[in-house]
K.L.:
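Mind looking over this structure? Questions follow.
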Amino acid sequence: MILYPAIDLKDGQCVRLYKGEMDQATVFSDDPAAQAKLFEDAGCEWLHLVDLNGAFAGEPVNAAAVEGILERCRVPAQLGGGIRDMATIERWLDKGLARVILGTVAVRDPGLVKQAAKAFPGKVAVGIDARDGLVAVQGWAEATDILAVDLARQFEDAGVAAIIYTDIDRDGAMGGPNVGATAALAQAVSIPVIASGGVSSLDDLRALKDCGAPLDGAISGRALYDGKIDLAEAVALLKG
């Protein structure tokens, strides 16, 4: 399993939200590129970037911060938030991003996701964000009646590199991940699944690793900033 340190970008700063609420943001750094470099120096193999403003606006907003990270760091990075068309996908990949994450558009226009996955093999992931098993879109502000597992199955043979599954009510709440739902999703599809939301200790990472489903990785944000997870220790645990 791979540990993905999360860098959530709001107004050019590195923040963490509580349960996806934009008005409950804690600022951890006003230099996202420096924060990314700290994660890289501590031994991470990937970076997970989210343009929070972009997720609401439907277009990239924190592009300058993302570009700064890409210039500063050598490890591959994936980015989600406001990526809704082929032109934006192509532009980000041309700038050196290793993978784009498509969330809202996966619900609104699944055909675009399939087209992108075919055009850019290994470089397109689907972000599935859910409350009580139901998908939410538009920066988590809008609920749908689509089951997370049903959405995931739509992309089963599309060549999608990964599914990033976030339990919104666990995100930023430091209460542990939804291991059961994540494992069930990973067992329902053959696409690699990355767990997100609530990962706040080495025990949480252990639980995900031993959940009985072949998870590809886990994302952690607040716990790394708060020092509740030592990044080097976590990387070693997931590699072991």
Side-chain angles (χ1 to χ4, degrees), residues 4 6-10 17 20 22 46-63 65-67 70 76-131 133-168 171 182 185-186 188-197 216-217 219:
Y4 294 79
I7 295 181
D8 290 0
L9 301 163
K10 179 177 185 274
L17 304 186
M22 282 290 266
W46 271 84
L47 292 167
H48 174 76
L49 315 177
V50 182
D51 181 348
L52 293 169
N53 303 100
F56 283 90
E59 60 186 19
V61 175
N62 287 287
V66 175
E67 286 167 18
L70 295 177
Q78 60 185 18
L79 170 71
I83 304 172
R84 310 264 164 97
D85 56 53
M86 284 294 276
T88 307
I89 292 167
E90 203 161 343
R91 192 160 67 244
W92 274 126
L93 294 175
D94 283 347
K95 285 181 185 290
L97 203 67
R99 196 150 68 194
V100 294
I101 304 164
L102 305 179
T104 296
V105 78
V107 174
R108 302 261 197 266
D109 187 1
L112 177 76
V113 177
K114 293 172 183 176
Q115 183 191 348
K118 195 174 176 184
F120 307 107
K123 293 182 178 290
V124 175
V126 171
I128 298 181
D129 309 319
R131 271 195 187 94
L134 295 173
V135 176
V137 294
Q138 210 72 31
W140 303 349
E142 198 178 308
T144 73
D145 56 3
I146 300 164
L147 285 168
V149 71
D150 289 343
L151 181 61
R153 283 187 175 127
Q154 283 191 49
F155 303 105
E156 186 64 279
D157 300 313
V160 167
I163 286 171
I164 290 130
Y165 177 69
T166 305
D167 186 303
I168 296 166
D171 195 69
T182 307
L185 183 72
V189 293
S190 62
I191 306 163
V193 171
I194 297 166
S196 172
D216 185 67
I219 292 164

K.L.:
Could you give the distance from CZ (R131) to CG (L134), rounded to the nearest 0.5 Å?
P.N.:
11.0 Å
K.L.:
Can you name the nearest heavy-atom pair linking F155 to I191, along with the distance?
P.N.:
O-CD1, 3.4 Å
K.L.:
Could you note down all residue pairs passing salt bridge (charged side-chain N to carboxylate O under 4.0 Å, His left out) where residues 104-122 supplies at least one of them, sequence neighbours left out?
P.N.:
R108-E142
K.L.:
Supply the atom-to-atom distance I128 CD1 to Q154 CD, rounded to the nearest 0.5 angstrom.
P.N.:
9.0 Å
K.L.:
Kindly write out the residues that satisfy salt bridge (Lys or Arg N to Asp or Glu O under 4.0 Å) with D51, not counting sequence neighbours, or none if the list is empty.
P.N.:
none
K.L.:
Please name all residues satisfying salt bridge (Lys or Arg N to Asp or Glu O under 4.0 Å) with R91, sequence neighbours left out, ordered by chain then number.
P.N.:
none
K.L.:
Which pairs would a plain distance check flag for residues 53-60, meaning a side-chain donor or acceptor within less than 3.5 Å of a matching protein atom at least two apart in sequence or in another chain?
P.N.:
from : atom 1 : to  : atom 2 : distance (Å)
N53  : OD1    : D11 : N      : 2.8
N53  : OD1    : N62 : ND2    : 2.8
N53  : ND2    : D11 : OD1    : 3.1

K.L.:
Over 60° means perpendicular and under 30° means parallel, so classify the ring planes of Y4 and H48, tilted if in between.
P.N.:
perpendicular
K.L.:
So which heavy atom on A125 is nearest to which on I164, and how close?
P.N.:
CB-CD1, 3.9 Å
K.L.:
Taking only residues two or more places apart in sequence or in another chain, which ones pass salt bridge (Lys or Arg N to Asp or Glu O under 4.0 Å) with R99?
P.N.:
none
K.L.:
Could you report the tightest heavy-atom contact between V113 and A106, atom names first, then the distance?
P.N.:
CG2-CA, 3.6 Å
K.L.:
Go through the structure and list residues passing salt bridge (Lys or Arg N to Asp or Glu O under 4.0 Å) with E156, not counting sequence neighbours.
P.N.:
none
K.L.:
Looking at I194 and A162, what are the two nearest heavy atoms and their distance?
P.N.:
CD1-CB, 4.0 Å
K.L.:
At their closest point, which heavy atom of V135 faces which heavy atom of T144, and how far apart are they?
P.N.:
O-OG1, 2.7 Å
